[in-house]
Amino acid sequence: MSTLPRSFYLGHDVVRIARDLLGKVVVTRMQDEVTAAAITETEAYAGELDRASHAHGGRRTARTEVMYARGGTAYVYLCYGIHHLFNVVTNEHGTPHAVLIRAAMPLEGMVVMNTRLGREAGHWLKGPGVVSKALGIRTAHTGADLLKGPITIEDRGLRVARGAIIAGPRIGVDFAGPDALLPYRFHIRPSDLR
DNA sequence: ATACCGATTAACT
DNA sequence: GTTAATCGGTATA
């Protein structure tokens, strides 16, 4: 169990980092409640040039400012007034790259997850809103340092089976024109983690 | 100040 | 396949 170092997040290739996050474990420690889940789906948002990104065109607002922080910072925003979507900021300070965590496999704290979800978490948290809800991640956590907590990401030695990664276009970004077709989404099945 | 709408989800028909 | 839920961000005035 080792928390990912700052250098993991400072890389300039957000698409590669999105792929490398598959199999890594998101851990939250909140009020003595520990939950952990292995990432099975991600999407890369490539900053100012990416029409699907909140930071497209260099937009800087109260909400998006945290995207310009250094890699290893949490960006959590409210979508449709209901869902808290968890992103991992990457690249150096000033470059607004981020990776959206869209699905994960529960590893620890299933009882707590069940309570938070109001149902059985099962063996696969599908959808960014569901992942955040199960892990207790909310907009209040935006700006949190992923090297300190309460949210951390660890390498627990899980490896992705060779050839298991599927790349494709991102979900829900039809408004982004040609950028909606970029293969910035990566996913695997929980059974592809060893 | 006001109007519109989204990197979604669950519960419908 | 369709739709309600729910509210902060953003643009427009």
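- At least one donor-acceptor pair under 3.5 Å links the side chain of A:Thr115 to the backbone N or O of A:Val111.
- The side-chain heavy atoms of A:Val99 and A:Tyr45, taken from C-beta on, include no pair separated by under 4.5 Å.
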Side-chain donor-acceptor pairs under 3.5 Å in residues 183-190 of chain A, sequence neighbours left out?
unit_1, atom_1, unit_2, atom_2, d
A:Arg185, NE, A:Glu41, OE2, 2.8
A:Arg185, NH2, A:Glu41, OE2, 3.1

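- For A:Arg170 (side chain) and A:Ala44 (main-chain N/O), a donor-acceptor pair under 3.5 Å exists by modelled atom type.
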Report, one pair per line, the protein and nucleotides 6-8 of chain C atoms (nitrogen or oxygen only) whose separation is under 3.5 Å.
unit_1, atom_1, unit_2, atom_2, d
C:dT6, O2, A:Tyr80, O, 2.3

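- Checked against side chain to side chain contact (heavy atoms under 4.5 Å, CB included), A:Arg119 has the following partners two or more places apart in sequence or in another chain: A:Leu117, A:Val130.
- Of the N and O atoms on the side chains of A:Thr139 and A:Thr142, not one donor lies less than 3.5 Å from an acceptor on the other residue.
- Shown here are the side chain to side chain donor-acceptor pair (under 3.5 Å) partners of A:His12, two or more places apart in sequence or in another chain: A:Glu92.
- Within residues 106-131 of chain A, the residues having any heavy atom closer than 4.0 Å to DNA chain B are, in order of number, A:Arg119, A:Gly127, A:Pro128, A:Gly129, A:Val130.
- Within residues 83-104 of chain A, no residue has a heavy atom under 4.0 Å from DNA chain C.
- Between A:Lys133 and A:Val131 the shortest side-chain heavy-atom distance does not fall below 4.5 Å.
- Bounding nucleotides for the chain A contact on DNA chain B, 5' to 3', at a heavy-atom distance below 4.0 Å, are B:dG6 to B:dA10.
- Between the side chains of A:Thr35 and A:Thr28, at least one donor N or O sits under 3.5 Å from an acceptor N or O.
- At the phosphate of C:dT10, OP1 or OP2 sits under 4.0 Å from a side-chain N or O atom of A:Thr61.
- Both key distances under 3.5 Å define a Watson-Crick or G-U pair, and stretches of 3 or more such consecutive pairs in DNA chain B run B:1-6 with C:7-12, B:8-12 with C:1-5.
- Applying a 4.0 Å cut-off to non-hydrogen atoms, none of the residues of residues 10-18 of chain A approaches DNA chain B.
- Salt bridge status for A:Asp192 with A:Arg162: absent, with no side-chain N to carboxylate O gap under 4.0 Å.
- Using a 4.0 Å heavy-atom distance criterion, A:Tyr77 is classed as a base contact.
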Using residues 68-79 of chain A as the side-chain source, report each donor-acceptor pair under 3.5 Å to any protein atom, sequence neighbours left out, with the distance given to one decimal.
unit_1, atom_1, unit_2, atom_2, d
A:Tyr68, OH, A:Gly58, O, 3.2
A:Tyr68, OH, A:Arg59, O, 2.8
A:Thr73, OG1, A:Arg70, O, 2.9
A:Tyr75, OH, A:His54, ND1, 2.7

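- Under a 4.0 Å N-O distance rule, the pair A:Glu154/A:Arg29 qualifies as a salt bridge.
- Remark: A:Thr95 engages A:Asn91, A:His97 in a side chain to side chain contact (heavy atoms under 4.5 Å, CB included) (not counting sequence neighbours).
- The CG atom of A:Asp50 lies 7.5 Å from the NE2 atom of A:His56; values are rounded to the nearest 0.5 Å.
- A distance of 11.5 Å separates CG of A:Leu158 from OG1 of A:Thr40, quoted to the nearest 0.5 Å.
- Straight-line distance between the C1' atoms of C:dT3 and B:dC5: roughly 16 Å, to the nearest whole Å.
- Surrounding CZ of A:Arg16 are at most 12 heavy atoms belonging to other residues, nucleotides or ligands under 6.0 Å away.
- Under the 3.5 Å distance criterion, the side-chain polar atoms of A:Ser132 are left unmatched by any main-chain donor or acceptor of A:Gly129.
- For A:Leu4, the side chain to side chain contact (heavy atoms under 4.5 Å, CB included) test picks out A:Phe8, A:Tyr9, A:Leu21, A:Lys24, A:Ile153, A:Asp155, with sequence neighbours left out.
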